Amino acid sequence: RAQDVPPFTEDCRSGTYPPTGPTFKGNASWYIVNLDLPPEERWNSIIKDKKVELFNLIQVIKDFIKVFDPAGKIIGLVDDELPLILDSLPSPFLEEIKGIAAVSETPLGEIIFYNIFYELFTV
Amino acid sequence: CTAIIAEDKTGRLFHARNLDFGLFLGWDIKHSTWMVSQSLKPLTVNIDFQRNNRTIFKSVTFAGYVGMLTGVKPGIFTVTMNERFNLDGGFVGIIEWIFGIRNSVWIGFLIRSVLENATSYEEAKNELVETKLISPAYFMLGGNKSGEACVITRARETCLDIWELDLKQGMWYLVETNYDHWNKPLFVDDRRTPAMKCMNKITQEKISVPTIYDVLSTKPVLNKLTTFTALMNVAEGTLETYLRDCPNPCVPW
């Protein structure tokens, strides 16, 4: 039972595969991205399926930012300025991001922010 | 994040990872979990990137995120990326980009370009070693031949270290978390030691996709930040991704 108390390092798990039980939340679904399509259209089917989930994630991030910035200045900056500043993102990524923003009906700045999130959090 | 590349006794290479993300980005008291980690799980998708109806590479990512952090080019190489936290971090690169210094590459975009265009393990390695980056990173790269695996420790502008698999010295696996391998991890965030302990217990004779999944299911390698576990076999070109949860009691990172 030492596995279940800090520092959680006494027991190595075994027999967990194929995944089942409380640590398994399901399989990731498969999609095809056709690189022969124009970049703006490549993610359409995925985004149509995941529109609500994408909206929910962006809302969680916006709610988190609002705790520190109740006036919403940061979100305003992301929505209005980020598309101008980062319009120089390389092709085909910027075109793909623009397509995703259009299909998800999300401000372009917020989709750009989501796509650079990993870089931002390396501090 | 925790990534493992291992070679079995027959020379087959396995590459697997836990993707951990969302630290300090809001704690959901009701569900006892990180809000962003929880919200990323339903966005996790496996993608088969095709050209002329042929698979170019396979990757697991989040819907709407066009860069890649994990992927397999069937029969050629596998790649994953872990965050490297540093004061000279991604925000510096982003500020440079905003002010017009644009000779660096966004990490997710680089990995996707490598998966799309590199035709060999060596070519992929060169790209990951030499390209200037927006933010520091650890790249784990596995090939399809015995001994072809390495961890590349990157600063934004330079490559700090390349840590290779060394079967002659008995080093049949590499484990990378979010710390330089030549330094000890932070004592409150040591996923490396338990992962290595479990790998040593399994031994090279018994290493396989199921036993690597066991390692990645052991706390604190599995923790509250773990969004998914991805398992890749380069020779077979397979990618399996499982969404994860870490019910209490579980370490928050």
Side-chain angles (χ1 to χ4, degrees), chain A residues 3-9 11-19 22-36 42-43 46-47 49-50 53-54 56-57 59-61 63-64 67 85-86 88-90 92-93 96-97 100 104 106 111 114-123, chain B residues 25-26 35-36 39-52 56 60 63-67 69 83-87 89-91 93-94 98 102 106-109 134-136 193-194 197-198 201 209-210 213-215 217-220 222 228 241-247 249 251:
Chain A
Q3 169 72 78
D4 292 330
V5 293
F8 304 101
T9 54
D11 301 334
C12 295
R13 293 291 194 216
S14 61
T16 60
Y17 188 93
T23 65
F24 171 57
K25 290 274 283 183
N27 295 300
S29 40
W30 276 97
Y31 291 87
I32 291 172
V33 167
N34 183 355
L35 296 170
D36 295 319
R42 290 175 185 170
W43 295 82
I46 299 174
I47 299 305
D49 279 3
K50 297 288 183 181
E53 291 84 351
L54 185 58
N56 289 342
L57 173 73
Q59 197 55 48
V60 164
I61 296 168
D63 290 345
F64 178 72
V67 173
I85 293 167
L86 294 177
S88 51
L89 284 177
F93 305 112
E96 290 185 6
I97 288 170
I100 289 164
S104 65
T106 306
I111 298 294
Y114 171 50
N115 272 273
I116 64 171
F117 210 55
Y118 215 83
E119 268 87 0
L120 276 173
F121 280 87
T122 50
V123 62
Chain B
L25 295 176
M35 286 177 177
V36 169
S39 303
L40 281 170
K41 288 174 195 175
L43 282 167
T44 306
V45 287
N46 288 325
I47 302 180
D48 187 341
F49 284 84
Q50 296 187 353
R51 192 172 282 138
N52 298 324
I56 304 296
V60 51
Y65 184 84
V66 301
L69 304 173
E83 272 184 295
R84 182 168 181 264
F85 302 102
N86 198 284
L87 278 177
F91 68 100
I94 291 170
I98 288 168
R102 290 173 188 157
W106 302 80
I107 285 184
F109 299 168
I134 295 275
S135 61
T193 307
K197 183 183 159 191
C198 294
K201 197 174 170 189
V209 164
Y213 187 82
D214 286 337
V215 177
S217 301
T218 298
K219 298 169 191 172
L222 178 75
F228 64 77
T241 306
Y242 303 105
L243 309 183
R244 303 307 303 263
D245 202 12
C246 194
V251 68

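Naming convention: chains lettered A, B, ... in sequence-line order (proteins, then strands); numbering from 1 in each chain. These figures come from a predicted structure and were not determined experimentally.
- Not a single donor-acceptor pair under 3.5 Å links the side chain of B:Thr218 to the backbone N or O of A:Cys12.
- In this structure, the portion of B:Leu222 lying under 4.5 Å from any heavy atom of chain A is its side chain and not its backbone.
- Interface residue A:Ile100: only side-chain heavy atoms are found under 4.5 Å from chain B.
- When each of B:Gly108, B:Cys246, B:Gly64, B:Gly26 is scored by its heavy-atom pairs under 4.5 Å with chain A, the top score falls to B:Gly64.
- Listed by chain and number, the residues in a side chain to side chain contact (heavy atoms under 4.5 Å, CB included) with A:Ser29 are A:Tyr31, A:Lys50, B:Val45 (sequence neighbours excluded).
- For chain A, the nearby parts of B:Ile98 are the backbone and the side chain; heavy atoms of each come within less than 4.5 Å.
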What's the verdict on side chain to side chain contact (heavy atoms under 4.5 Å, CB included) for A:Phe117 and A:Ile61, showing C-alpha distance, side-chain angles and the deciding distance? CA-CA 10 Å; A:Phe117 210 55; A:Ile61 296 168; 3.9 Å; yes
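- With respect to chain A, the highest number of heavy-atom pairs below 4.5 Å among B:Val66, B:Val215, B:Val36, B:Leu69 belongs to B:Val66.
- Of the possible donor and acceptor atoms, none in the side chain of B:Asp48 sits under 3.5 Å from a partner among the backbone N and O of A:Ile32.
- Contacts between A:Phe64 and chain B at a heavy-atom distance below 4.5 Å involve the side chain alone, from C-beta outward.
- Residue contact with chain B, scored on non-hydrogen atoms closer than 4.5 Å, is absent for A:Thr106.
- Of the atoms belonging to B:Arg244, heavy atoms from both backbone and side chain fall under 4.5 Å from chain A.
- Residues B:Asp245 and A:Phe24 are not in side-chain contact: their nearest non-hydrogen atoms beyond the backbone lie 4.5 Å or more apart.
- Interface residue A:Trp43: only side-chain heavy atoms are found under 4.5 Å from chain B.
- Side chains of B:Tyr65 and B:Leu40 form no contact here, defined as non-hydrogen atoms less than 4.5 Å apart.
- Taking chain A as the reference chain and counting heavy-atom pairs below 4.5 Å, the highest number among B:Val60, B:Ile134, B:Ile56, B:Ile94 is found for B:Ile94.
- The side chain to side chain donor-acceptor pair (under 3.5 Å) check on B:Trp106 picks up nothing, with sequence neighbours excluded.
- For the set A:Ile46, A:Leu57, A:Leu89, A:Asn115, the count of heavy-atom pairs under 4.5 angstrom toward chain B peaks at A:Asn115.
- Among A:Leu54, A:Ile111, A:Asn56, A:Val67, the residue making the largest number of heavy-atom pairs under 4.5 Å with chain B is A:Leu54.
- In this structure, B:Ile107 and B:Ser135 have side chains that are in contact, with non-hydrogen atoms separated by less than 4.5 Å.
- The residue among B:Asn52, B:Val209, B:Thr193 with the most heavy atom pairs within less than 4.5 Å of chain A is B:Asn52.
- Rounding to the nearest 0.5 Å gives a distance of 11.0 Å between OG1 of B:Thr44 and NZ of A:Lys25.
- For B:Tyr213, the parts lying near chain A are the backbone and the side chain together; criterion is any non-hydrogen pair under 4.5 Å.
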